[in-house]
Amino acid sequence: MLVLGIETTCDETAASVVRRDADGKGTILSNVVLSQAAQHAAYGGVVPEIAARAHVEILDHVIAAAMVEAGLSFRWIDGVAAAAGPGLIGGVIVGLTTAKAIAMVAEKPLIAVNHLEAHALTPRLTHGTPFPYCLFLASGGHTQIIAVRGVGDYVRLGTTIDDAIGEAYDKTAKLLGLPYPGGPDVERRAERGRAARFSLPRPMLGRAEPDFSLSGLKTALRLEAERIAPLSETDVCDLCAAFQAAVVDIVVDRVKTGLARFAERFGRPTALVAAGGVASNKAVRAGLQRVADAAGVPMIAPPPALCTDNGAIIAWAGAERLALGLTDDLEVSPRARWPLEQLSPPPAPGGP
Ligand code: KG4
Ligand code: ZN
């Protein structure tokens, strides 16, 4: 089964062709990702209008490149998948409309993929991870702990009540004069800094529900930075280190609690899976590894290129749905908001 996947929910224009064999094994035949980061850098964050316009201009070329790289024409594929949300609505409209046009002209089924579901199912593409597993998804827009019980069957165990972790990294970077997206730069400086120099808060630590809060940490960091301004390079590195140490402590405590809630409700997970851009952070990964070791479950993190946004994860989620006969009609709407719990699991065999 060959599926074309299209991703345009944020600032990456991406397309990919993925093959899913009958035994559930996945192979990426092409994966073209064009980042708009440079076009948004001057604004310290993604500007929705700029993003939508850039997707319109480049998506056709990105899809063509993905098809050429896979050595296929549209007639050979079995389905067209696009991220139909959640995300910046202008970009989502561009991707979904393009997918509809291809599906209509090539007479192939359309699969409207939830972007979060695509992150949630990625470990099955990269590692063949069986259900059920516990997902920690941390990106620029999302911070969630999710019980992944099957295709379309997700239970959110925890989420952030304010900023996403990636957003906190990006805002920290902006505050310290570092470029967007901030994660990689803050991480590099954190490695050279002295975390103990500042004592920053760890909001929500020890709470029974595995939720997150980042805005208090961000504010505390800003106050410290203002107190010692002007900042030297050493100051910036120390602030980055203090920020990242707090983030890792928060992640470790919250995910540990999330795994405990998972076990109470659904039994033992097959794995702790980390996804989203923040999961490419080495300190965060090491923290998650400690949590998984303590719980006696394997920690799985897809390679960084598949943790961040790309077309292969959309194509794969599309292939998993197509294999179950879950397709969408051409009237399906793009959605800015689309919580994972609103997806309906496939009907049980023999059921209604
Ligand atoms: O998953 P992603 O590519 O896009 C979405 O937001 O959906 O995640 C991007 C986010 C940005 O906020 C970026 O700063 C953060 O992930 N990020 C990192 C690192 N690399 C990317 N955060 C911390 N450490 C990193 N190494
Ligand atoms: Zn994403």
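The structure presented is a predicted model; accordingly, all values stated were derived computationally and were not measured. In listed order, ligands and their atoms are each counted from 1.
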Item to check | Sidechain N-carboxylate O distance under 4.0 Å for R207, D253 | outcome: no
Checklist outcome for this item: Within the 4.0 Å heavy-atom cut-off, what N281 brings close to ligand 1 is both
Checklist outcome for this item: Protein-derived N, O or S atoms sitting under 2.8 Å away from the Zn ion (ligand 2) total 3
Next on the checklist: I'd like to know if E167 and K218 make a salt bridge, using a cut-off of under 4.0 Å between side-chain N and carboxylate O.
Outcome noted: no
Checklist entry - Any idea which atoms of ligand 1 are less than 4.0 Å away from a heavy-atom of V278? => result 16 (O), 18 (C), 22 (N)
Item to check | Salt-bridge criterion met for D185 and R188 (N-O under 4.0 Å) | outcome: yes
Checklist entry - Angle class for the Y169/F243 ring planes (parallel below 30°, perpendicular above 60°, tilted otherwise)? => result perpendicular
Checklist entry - Counting from 1, what ligand 1 atoms have a heavy atom of D309 closer than 4.0 Å? => result 1 (O), 3 (O), 4 (O), 5 (C), 7 (O)
Checklist entry - Should G183 be counted as touching ligand 1, given the test is an N or O pair under 3.5 Å? => result yes
Checklist entry - Does CD in E107 sit with more than 12 non-hydrogen atoms of other residues, nucleotides or ligands closer than 6.0 Å? => result no
Checklist entry - Using the ring of each side chain (for Trp, its six-membered ring), is H119 parallel, tilted or perpendicular to H115, with breaks at 30° and 60°? => result perpendicular
Checklist entry - Hey, are E49 and R53 close enough for a salt bridge, meaning a charged N less than 4.0 Å from a carboxylate O? => result no
Next on the checklist: If the cut-off is 4.0 Å to any non-hydrogen atom of E187, which atoms of ligand 1 fall inside it?
Outcome noted: 25 (C), 26 (N)
Next on the checklist: Between D170 and K174, does any NZ, NE, NH1 or NH2 come within less than 4.0 Å of an OD or OE carboxylate oxygen?
Outcome noted: no
Next on the checklist: Only heavy atoms of G141, strictly under 4.0 Å: list the atoms of ligand 1 that pass.
Outcome noted: 6 (O)
